[in-house]
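The structure under discussion appears below in the form of structure tokens.
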Amino acid sequence: MNKDSLKKILELAGDQEFSDLVSQTQDHLEMAHRIGDSALAGEDGRKREKEIHEEADARTKERAAEDAEGIALVLNGGGGKGAYQVGVYEALCGMDFPEIAAYSGTSIGALNAVLFAGSGAAKARNVWEDFEPERLYDLTGTAASGTTGLSYLESLIRASRVTQNIHQYSPIVSVTAFDTETQYPRDFILNQRTSEEQIDCLMASAAYPLLFSRRQIDGKTYVDGGFPLFGDNMPISPLYHLGFRRFLVVHTESARESSGRRLVQAWNAELNQQKYFNGALVVHLYPGEDMGGTAEGTLNFTPEYIREKIELGRRETLAAADEIKRLTGSLPDGIAEVHWRDGRRYRNYAELLEDL
């Protein structure tokens with residue numbers, strides 16, 4: 001007997017109160033079934049989501065295994081100084097050099113990595129040259145958190161539609177952000193994520209402390225991946241662990257400027273030699289001139305500065321072409337690094353510092 005039949009009999013018998021109780025009980029049972037179905041659906045959804053991520057991870061590793069002999073481009077952070085990397089990439093695309101197999105970047109380097117992998121050199125230049133610096137920073141005091149600036153960056157990425165071109169069949173792209181809870185950098189392989197998730201990762205990597213607001217990803221809070229001392233502004237590691245061994249690292253400050261952090265650099269170099277990058281060949285390309293401090297360089301997105309640094313990157317890459325092409329040769333037994341500066345090559349960072 002269904003609910004309606006039982007309810008009608010009870011109403012005819014004059015027991016309205018019991019009839020209402022039967023109706024409410026049935027409604028509660030139906031709600032319990034819906035909640036149960038929803039829970040099952042939620043569990044299935046979580047299971048499917050896990051399967052999707054596992055499948056994406058497997059495809060990424062397969063792609064990395066196929067492309068591991070290729071050259072990986074590693075792009076440091078540095079705000080407006082990142083214009084130099086645009087010129088470097090333009091020169092690479094225009095000379096006899098293999099197509100880049102993977103990209104890794106931090107902060108502005110992460111944004112450039114996506115622009116290069118998702119659209120190419122010409123569109124990357126257009127995005128940079130169309131930049132409106134007054135929209136990046138809050139100069140009116142109406143948004144002290146800097147949300148306005150990040151919103152502008154996000155609008156540029158969305159308008160370029162480049163994240164839609166980063167998928168399982170595209171070159172691998174890794175971006176680095178800093179986890180404020182673990183106090184350690186985290187690498188995100190964008191090929192494993194949706195277009196919306198990719199944008200979150202990019203904005204997290206670019207969330208410069210005290211200037212732009214933090215970003216939430218997977219329930220955790222992130223800031224700029226190049227967070228001083230504790231971040232990773234030269235993210236070789238994520239691609240090395242995927243099997244890549246040939247790296248072109250494009251710095252955003254001259255060797256002289258970076259020498260102010262020589263203790264950290266020397267410590268990292270020692271760690272690299274002992275543990276992390278054994279069997280890797282790394283060519284470091286430094287701007288041949290000082291790029292400016294925080295105000296004159298990092299926060300400088302004026303058209304004049306951008307054009308000047310793009311041209312500098314293009315010109316210096318062409319001058320270093322022979323050294324860069326060494327990346328197509330045989331790999332070393334240990335780690336082999338070439339630091340290229342002002343037309344000269346140095347075997348390691350310590351040797352470069354001695355000549356400054």
Side-chain angles (χ1 to χ4, degrees), residues 52-76 85 88-89 92-93 95-106 109-110 112-121 162-163 165-176 185-193 198 201 205 225 232-251 268-269 271-285 317 320-340:
I52 290 172
H53 281 291
E54 288 175 348
E55 290 169 3
D57 184 57
R59 286 194 297 268
T60 300
K61 289 177 179 177
E62 289 174 6
R63 182 63 188 267
E66 294 171 0
D67 296 344
E69 286 299 313
I71 296 168
L73 186 62
V74 179
L75 304 169
N76 289 20
Q85 296 169 344
V88 171
Y89 190 67
L92 291 176
C93 293
M95 66 188 198
D96 182 21
F97 191 71
E99 185 176 348
I100 300 298
Y103 299 80
S104 180
T106 296
N112 276 338
V114 172
L115 283 173
F116 299 164
S119 64
V162 290
T163 57
N165 297 326
I166 307 300
H167 47 69
Q168 59 177 306
Y169 302 111
S170 70
I172 290 173
V173 180
S174 173
V175 303
T176 301
R186 178 181 173 186
D187 307 308
F188 298 93
I189 305 298
L190 298 191
N191 309 67
Q192 299 175 352
R193 294 181 172 267
Q198 290 177 29
C201 295
S205 184
D232 186 0
N233 203 39
M234 190 174 67
I236 295 175
S237 179
L239 298 183
Y240 179 86
H241 291 302
L242 282 173
F244 292 90
R245 294 294 181 269
R246 305 169 195 273
F247 300 94
L248 175 59
V249 179
V250 185
H251 295 261
N268 286 337
L271 285 177
N272 294 345
Q273 290 172 357
Q274 290 182 4
K275 180 180 179 181
Y276 291 117
F277 306 138
N278 188 48
L281 178 59
V282 185
V283 173
H284 296 264
L285 184 61
T317 302
D322 290 341
E323 208 59 60
I324 292 171
K325 288 178 182 178
R326 285 168 51 88
L327 287 167
T328 62
S330 59
L331 291 171
D333 293 330
I335 181 173
E337 295 188 86
V338 173
H339 292 260
W340 183 262

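Along the sequence shown, residues are numbered consecutively beginning with 1. All figures in this text were calculated on a predicted structure; none of them were measured in a lab.
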How long is the straight-line distance from [atom2] of [Y] back to [atom1] of [X], given to the nearest 0.5 Å?
X	Y	atom1	atom2	result
Thr176	Phe188	OG1	CZ	9.0 Å
Leu75	Asn233	CG	CG	10.5 Å
Asn278	Arg245	CG	CZ	8.5 Å
Tyr89	Ile100	OH	CD1	6.5 Å
Trp340	Leu248	CH2	CG	12.5 Å
Leu281	Phe247	CG	CZ	10.0 Å

Side chains of [X] and [Y] in contact at under 4.5 Å (non-hydrogen atoms):
X	Y	value
Thr163	Leu190	no
Leu242	Ile189	yes
Gln198	Val114	no
Leu239	Ser174	yes
Ile236	Ser104	no
Asn76	Val250	no

Indicate the atoms forming the closest heavy-atom contact of Lys325 with Asp96, along with that distance.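 Closest approach of Lys325 to Asp96: CE-O, 3.1 Å.
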How far apart are the C-alpha atoms of Ile324 and Phe97, what are their side-chain angles, what is the distance that settles it, and do they pass the side chain to side chain contact (heavy atoms under 4.5 Å, CB included) test? CA-CA 9 Å; Ile324 292 171; Phe97 191 71; 3.4 Å; yes
